[in-house]
Amino acid sequence: MNDQGSISNLLNEDRHFAPDPAFTVQAVAQPGIYEEAQADRLAFWAKQAKELHWHKPFNHVLDWNDAPFARWFYDGQLNVAFNCLDRHVIEGRGDRVAIHFEGEPGDTRSYTYSQLTSEVKKAANVLASLGIGQGDRVAIYLPMIPEAAIAMLAVARLGAVHSVVFGGFSAEALHTRIEDAEAKLVITADGGFRRGAASALKPAVDEALAGGKCPSVTNVLVVQRTGQETAWNPELDLWWHDEMAKASQEHEAQGFDAENPLFILYTSGTTGKPKGILHTSGGYLTQVAYTHKNVFDLHADTDVYWCTADVGWITGHSYVVYGPLANGATQVIYEGTPDSPHAGRWWEIIEKYGVSIFYTAPTAIRSFMKQGREIPDKFNLKSLRVLGSVGEPINPEAWMWYRDVIGGGKCPIVDTWWQTETGAIMISPLPGLTTLTPGSAQLALPGINMAVVNDDGRELENGHGGYLVITEPWPSMLRGIWRNPDRYKEGYWSRFPSRYFAGDGAKLDHEGNLWVLGRVDDVLNVSGHRLSTAEIESALVSHEWVAEAAVVGATDELTGQSPVAFVILRTDQIEAAGDDKNINTVLRNWVAKEIGPIAKPRQIMVVPELPKTRSGKIMRRLLRDVAEQREVGDTTTLADVGVMSLITSKLATGASD
Ligand code: WT7
C-alpha cells in the first residue's frame, strides 16, 4: 500500500470545520437521516426510489438471492429519460434552464427543460428510424457538447444501452469497445474544440470501423461541431442535423423494467482488457438522484451547478447527465480545457453563470494552486456555496486552498469517494451536517454500509488501516461485467467472500472518519482516471521493438500518479530503435495511439532485465522505487539479486513533453 508514512501524518490532522448554522437550517440533508437509514435500510431506499416517476410502481425493493447479482425495485417499470425530462415539463418546470453550454471558442447555447425534452424526443425518433430499440447498444464518441447528453438520453428513452467512449481515446480503444459491446450505431462528431483548435474525431471512427472490422455497426451518425473537412462513407454515415430536421417532435416514453440495462462503461482492471461495467435503470437513477441532491445540497430552483467531468467517464454519466437532470437542476457544460484561451477560463465561467455548486478533481485544483491565487482572485466567485472533489484522494493542502481561495473560506467541501462500478457516490460528508476534516472523505452515506478489513477479512476498529469493502448491496451497484459474469465474481467478490472489494486501501481515524489511501492493485490513477498497468504493458509489447515491459505508477505532484515504463528491447531491434531519446518519443507516441494520450508514460526506461520473483512475478515495488528515485527496497525475494544494480546503473534519460 502506498503512502503509509504520509497517511499517518494525515491521521493527525486536527483542523475541523463545523457546519455553519445558517447553512444547516436550509440544508437538504436533515439531521436524523443516518439513523433513519440505519433503522430500515431497504425502506430508506424505497423512499428515495419513490421520488422518481414510475410507469408501474414497484412492490419489491431488493432481490439478493442470486448474489452478487442484485435486482433492485425489480417489479417496477420506469423510463429514465422521462424522469430526466418530460416529468419536469409536465410538473411546470419547462421554462427552467437545464443546460447552459459554453463552447471553448466562446459560442453559447442554453436549453430549457422543454427544449431539451423536444431535442431528445427528436433524437429518439431518429435512432428508432435507424433500427435502434430496447437492448441494442449504441456507441457514443463525442466531445463535451449538449448533443452528448441528448444522445445518451435518446438511447435511454428507447430502452437501448449506451456505451460512451471518451473522446480522448484512440481509434484502437474505440474499436475494442465497439466490438465487445457489438454496437449497432456509433454517434460521433466531425470534431471538437480543444486548446484553441478544432480537433478531429470522425477519422478515429473511420479507422475503428475500417475494412469491416466492426460488422455490428450499421450506421454512423455525425454531429457537425467544428465544420472541418470530414471523410464520408455514404454507406454508413449520416449527418445528425439532417436526420434531426426530418424527425418528429412527438415521442411517447414507454416504461421499461427497473433492471433494463441503461449503459455499459468500459474501465481498466488489473488485466490488459478493459471491462464493460454494466449499469441498469431504477436503482442507478435512484442513487444518483438522491446523492446529487443530498451531497451537493441542491436547491434546484435557485442553484447553478457545474461538474467539470467529461461524459466519457462515470462522473459525467452520473453527475452531468442523470443525477442533475433527474433533479431538475440548472447546470453548466463546458467543452474545452481550463486554460483556453486564458488561465482563468473556469473562474470566468463561474462568474458569468453565477455557479453555486462546483464539482471537480484534485488534479485540477493542484494545477491551479501551482499557478497561484492571482488568477482566480481576478474573478467574482461569491456565488459559490458548495464545492466538491472526486477521482483521487485530495491532499489537505489542496483542500485548504480550494476552501480558502475558491470557496472564500465559507463553502463546505464534499470529498466524494466512489467508482465506475459503484455508479454513484458512496462516501462523502453531507454539507450542513458533517464537521469537515481536510483530506478525509469521511463517512459512508446513509443507506450505504462499508468497512475497513484486514487481510483475513476481519473488520478493523478506529485508528487502523486495511482494505475498503462494501458490506451490503446498494441500488446503483454494477450488475456485472458485460458478458463476463465470472470476471465480475472473481474480480470483486472473491477476495473477501460476501463483500465487495473496491481495490482501495483505507484507514479509519480515531473519530471513525475514512481516509482512502489509493489503489492496492495494479491500477493507476492518473488525474482521476483509471488505467491499468497491464493495459499499457500490452500496448508496449505490441510494438515491434519491445520484448518485455513493466509499467508502474509513480507519484506525480500534479496528476496524482503517472505511468513510468521499463522495457526490454528485442535484441534484433536494438539498432533500429536508436538512442533512449528516440525510444522515448516513439514508444510514448505508440501508447498514445494504442490507448490515448492520457496513458502516455511519463518516461520509458530501457533496461536489460526486469526484477522478478522466483515464480516469475514482476516486483513492481522495486521498479516504483526506481521510478520515484528512492533507494531500492528489500530485494531478497528476487530470483536474480543482481538485476536491480544492473537497472539502477543504467541511468535512464527523461522525457520532456
Ligand atoms: C477509483 C475509481 C468516481 C469517479 C471518478 C473515478 C479513486 C475516486 C476518490 C476520493 C480517494 C478516490 C479510488 C477509486 N477515487 N474518488 N474521493 N478519494 N480516492 O472513477 O475511474 O472508476 O476510479 O478512483 O481509487 O477506486 P474510477
Side-chain angles (χ1 to χ4, degrees), residues 1-3 7 10 164 166 168-169 263-270 274-277 279 287-288 291-292 295 307-323 359-366 387-396 398-399 402 413-429 436-445 450 452 467-470 476-478 481 491-492 500-507 513-532 535 553 559-561 596 598-599:
M1 217 175 291
N2 319 326
D3 296 337
I7 287 294
L10 291 181
V164 182
F166 174 53
F169 277 139
F263 64 84
I264 303 168
L265 183 58
Y266 288 85
T267 189
S268 300
T270 49
K275 40 191 180 183
I277 303 300
H279 283 285
Q287 194 174 329
V288 295
T291 51
H292 180 256
V295 169
C307 167
T308 63
D310 190 281
V311 283
W313 310 106
I314 189 68
T315 310
H317 284 59
S318 302
Y319 299 107
V320 175
V321 179
Y322 294 111
Y359 191 28
T360 193
T363 181
I365 300 165
R366 285 192 298 267
L387 300 176
S389 170
V390 63
E392 52 170 319
I394 176 163
N395 47 308
W399 195 101
Y402 197 23
I413 296 180
V414 288
D415 174 6
T416 61
W417 179 91
W418 57 295
Q419 309 179 295
T420 305
E421 291 87 343
T422 70
I425 298 170
M426 303 293 278
I427 308 175
S428 168
L436 305 170
T437 311
S440 163
Q442 308 210 270
L443 297 180
L445 287 176
M450 301 193 58
V452 179
Y467 304 96
L468 188 63
V469 296
I470 308 172
S476 64
M477 67 194 289
L478 72 165
I481 294 175
Y492 301 102
Y500 170 93
F501 174 44
D504 284 316
K507 274 200 175 193
N513 288 314
L514 281 159
W515 295 75
V516 179
L517 310 182
R519 305 291 305 190
V520 295
D521 51 15
D522 292 331
V523 169
L524 309 186
N525 186 324
V526 181
S527 299
H529 300 141
R530 209 198 300 182
L531 295 168
S532 85
E535 209 176 344
T559 60
Q561 283 190 306
I598 54 165

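Counting convention: from 1, in listed order, for ligands and their atoms alike. In this chain, residues are counted from 1 in sequence order.
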Does a donor on one side chain and an acceptor on the other come within less than 3.5 Å for Thr416 and Tyr359?
-> yes

Check each atom of ligand 1 against the heavy atoms of Ile314 and keep those under 4.0 Å away; list them by number with element.
-> 4 (C)

For atom 11 (C) of ligand 1, the closest protein heavy atom turns out to be Pro393 N, 3.1 Å

Determine, using heavy atoms of Gly391 and all atoms of ligand 1, whether some pair is separated by less than 4.0 Å.
-> yes

Where ligand 1 meets Thr315 - atom numbers and elements under 4.0 angstrom, heavy-atom basis = 4 (C), 5 (C)

Numbering as shown, the atoms of ligand 1 that approach Asn525 to under 4.0 Å (heavy-atom distance) = 7 (C), 24 (O)

In the protein, which heavy atom is nearest to atom 21 (O) of ligand 1, and how far is it?
-> Arg530 CB, 3.4 Å

Please could you name the atoms of ligand 1 that Val390 approaches to less than 4.0 Å, counting only its heavy atoms?
-> 3 (C), 4 (C)

Going by distance only, is there an N or O of Thr416 that falls short of 3.5 Å from an N or O of ligand 1?
-> yes

Answer with yes or no whether His529 contacts ligand 1, where contact means a heavy atom under 4.0 Å from a ligand atom.
-> no

The atoms of ligand 1 lying under 4.0 Å from a heavy atom of Gly528, numbered in the order shown, are 6 (C)

Please walk me through it: do Arg530 and Glu535 pass side chain to side chain contact (heavy atoms under 4.5 Å, CB included)?
-> CA-CA 11 Å; Arg530 209 198 300 182; Glu535 209 176 344; over 6 Å; no

Pull out every atom of ligand 1 sitting under 4.0 Å from any heavy atom of Val516, numbered as shown with elements.
-> 11 (C), 19 (N)

Selection from Asp415, Ile277, Asp504 by shortest heavy-atom distance to atom 13 (C) of ligand 1 | Asp504

